[in-house]
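Here's the structure, in structure tokens; my notes come after.
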Amino acid sequence: MAKAVKLNYICQSCHATSSRWSGKCASCGAWNSLIEETKEKIPPVGGISGSKSFGHKVALEKLAHKETAVARIITNLTELDRVTGGGIVPGAATLIGGEPGIGKSTLLLQLAAALASQGLRIVYFCGEEATAQVRIRSERLNILNAPIELASETNLGNIIATLSNGPMVDLVIIDSIQTLWSDNIEAAPGTISQVRAASQTLIRFAKQKTTALVLVGHITKEGQIAGPKVVEHMVDTVLYFEGDRGHPFRLLRTVKNRFGATDEIGVFEMSDSGLRQVENPSELFLGERDATAPGAAVFAGIEGTRPILVEIQALVAPSSLGTPRRTVVGWESSRLSMILAVLDARCGISFSQHDVYLNVAGGLKITEPAADLAAAAALLSSFSGNALPTDHIYFGEISLSGTVRATGHVASRLREAGKLGFQRAVLSSAGDTGARVEQMKLYRIKYLKELAVDVSTCE
Ligand code: TYD
Ligand code: MG
């Protein structure tokens, strides 16, 4: 007689399990996040109990085994090839995460079309949309004639059966992993059990058949939907598609890659006819710059191994509020508070009677501490009302003591700035690696105070 299936309640927010339902998760405090799912049975370890063995002996290999170089499917979408480390690896699983509406389906349809027209067999399961909707999108992308095989299917068994029949599939796209469901699991699609089971089955299938697998996973700002976080551990490559929906720029960022470097980025622009690759992002981010306005400083940043110049904009205005306003877009508010505190304590410039707004142009999010110096320059410029010299770039981390600390990748930052016609870089005096770029003068400072003097005297 089959044993009754044991039920468990799993928090969809923190994955804690509980044997009883409650309105609030005891572990993370999230409300209404406990969902009933079947408890997964862990098979007994063969041999230990002595009675039965459940496994068989496997062949062990030596570490010093000559492995041939990983074959790759080169997509010819250079930005995508860059983030995957030179193309998609057959048999490997890739997860593309991102907020709804950011452009995942568009990117994958363009990828599918590019590969299908190379003569590869591409199967696209669009569980979220009807095939008619995908057709409308492909019309917009002008790829209607690409030989992609399409199905709007969400049942895991049917998907595996479809893939097992016919000639070998080179790439399978599952859009999205949250829509899949398996008959064997008593939980709604999108729950952790379903997402985990579907991913495991598909990944195993892909490895066996050396089919490349791309899974789409939705995330929300609060990380509410179960899925991508669970799947991240199982797949070989994790890419995140990011961007601000108010801006056309989209960044594809490598978070994990078993076959290449992480922290790489690919830059795209969402246009009327799909995603366009942006090979020179700095030109784009600086495109609409008004260099003569006070409060704007150009930061020479690094995303992965790639230099990107971006404008940091500050607005400092007298405040009528008891507690002046501090607003940041594309930056961390704690870093802004720190810079304001350092400017006050070490340079004697107080913003306590002023509202401060700091914005990273183009919808980019900056996490690099090297942006501190550019932010400080923008703040001082807006405060004094003097525009910064138009041909300057800034980078350097500010420490609490008011010193400017050295940053890495100096040479590539300078090279990128030189390419775009900048002539002077303001950076830390520490850590001089001898990096120089022709026609680019370096203004090295040790203390933030030196920048404050420079800004107030500049014309
Ligand atoms: P989509 O790829 O459906 O996003 P996701 O799969 O991540 O949910 O598309 C997102 C948005 O992109 C949608 O609001 C419409 C817009 N879009 C364009 O601006 N141009 C285009 O050519 C396409 C296909 C979509
Ligand atoms: Mg989609």
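For ligands, and for the atoms within them, numbers begin at 1 and follow the listed sequence.
Residues R289 and V298 have side chains in contact (heavy-atom distance under 4.5 Å, counting atoms from C-beta outward). Taking 4.5 Å as the limit, some side-chain heavy atom of L251 sits within range of a side-chain heavy atom of L364. Using a 4.5 Å heavy-atom threshold, the side chains of E79 and F268 count as touching. Side chains of V356 and P324 form no contact here, defined as non-hydrogen atoms less than 4.5 Å apart. Using a 4.5 Å cut-off on side-chain heavy atoms (C-beta onward), I393 and M440 make contact.
Distances from the Mg ion (ligand 2) show that S176 has no N/O/S atom below 2.8 Å.
An N or O contact shorter than 3.5 Å is missing between E129 and ligand 1 by distance. Ligand 1 has an N or O atom lying under 3.5 Å from an N or O atom of K104, backbone or side chain. Checked by distance only, ligand 1 and S105 come closer than 3.5 Å through their nitrogen or oxygen atoms. At least one N or O atom of G103 sits closer than 3.5 Å to an N or O atom of ligand 1. Any N or O atom pair closer than 3.5 Å counts here, and M270 shares no such pair with ligand 1.
Atoms of ligand 1 found under 4.0 Å from any heavy atom of G101, numbered from 1 in the order shown, are 4 (O), 5 (P), 7 (O), 8 (O), 10 (C), 11 (C). With ligand atoms numbered from 1 in the order given, ligand 1 contributes 22 (O) to contacts under 4.0 Å with heavy atoms of S273. Residue R137 approaches ligand 1 through these ligand atoms, each under 4.0 Å from one of its heavy atoms: 1 (P), 3 (O), 24 (C). Heavy-atom contacts of S271 reach the following atoms of ligand 1: 18 (C), 19 (O), 20 (N), 21 (C), 22 (O) (cutoff under 4.0 Å). Residue contact check: P100 has heavy atoms under 4.0 Å from atoms 8 (O) of ligand 1.
Although no hydrogens or angles enter the test, the distance criterion places a donor-acceptor pair under 3.5 Å between the side chain of K256 and the main chain of V235.
In this model, a donor atom of one side chain and an acceptor atom of the other lie less than 3.5 Å apart for E128 and S176. At a cut-off of 3.5 Å, with distance as the only test, no side-chain donor of N257 or T262 sits close to an acceptor on the other residue. No side-chain donor from either of T162 and E153 sits under 3.5 Å from a side-chain acceptor of the other.
Note: F383 and F351 have tilted aromatic rings, judged against thresholds of 30 and 60 degrees for the angle between ring planes.
Scanning R276, E128, R140 for the heavy atom closest to atom 15 (C) of ligand 1 points to R140.
Ranking protein heavy atoms by distance to atom 22 (O) of ligand 1, first place goes to G274 N, 2.6 Å. Among protein heavy atoms, atom 2 (O) of ligand 1 sits closest to T106 OG1, 2.5 Å.
Contact annotation: for D272 versus ligand 1, heavy atoms closer than 4.0 Å belong to the backbone alone.
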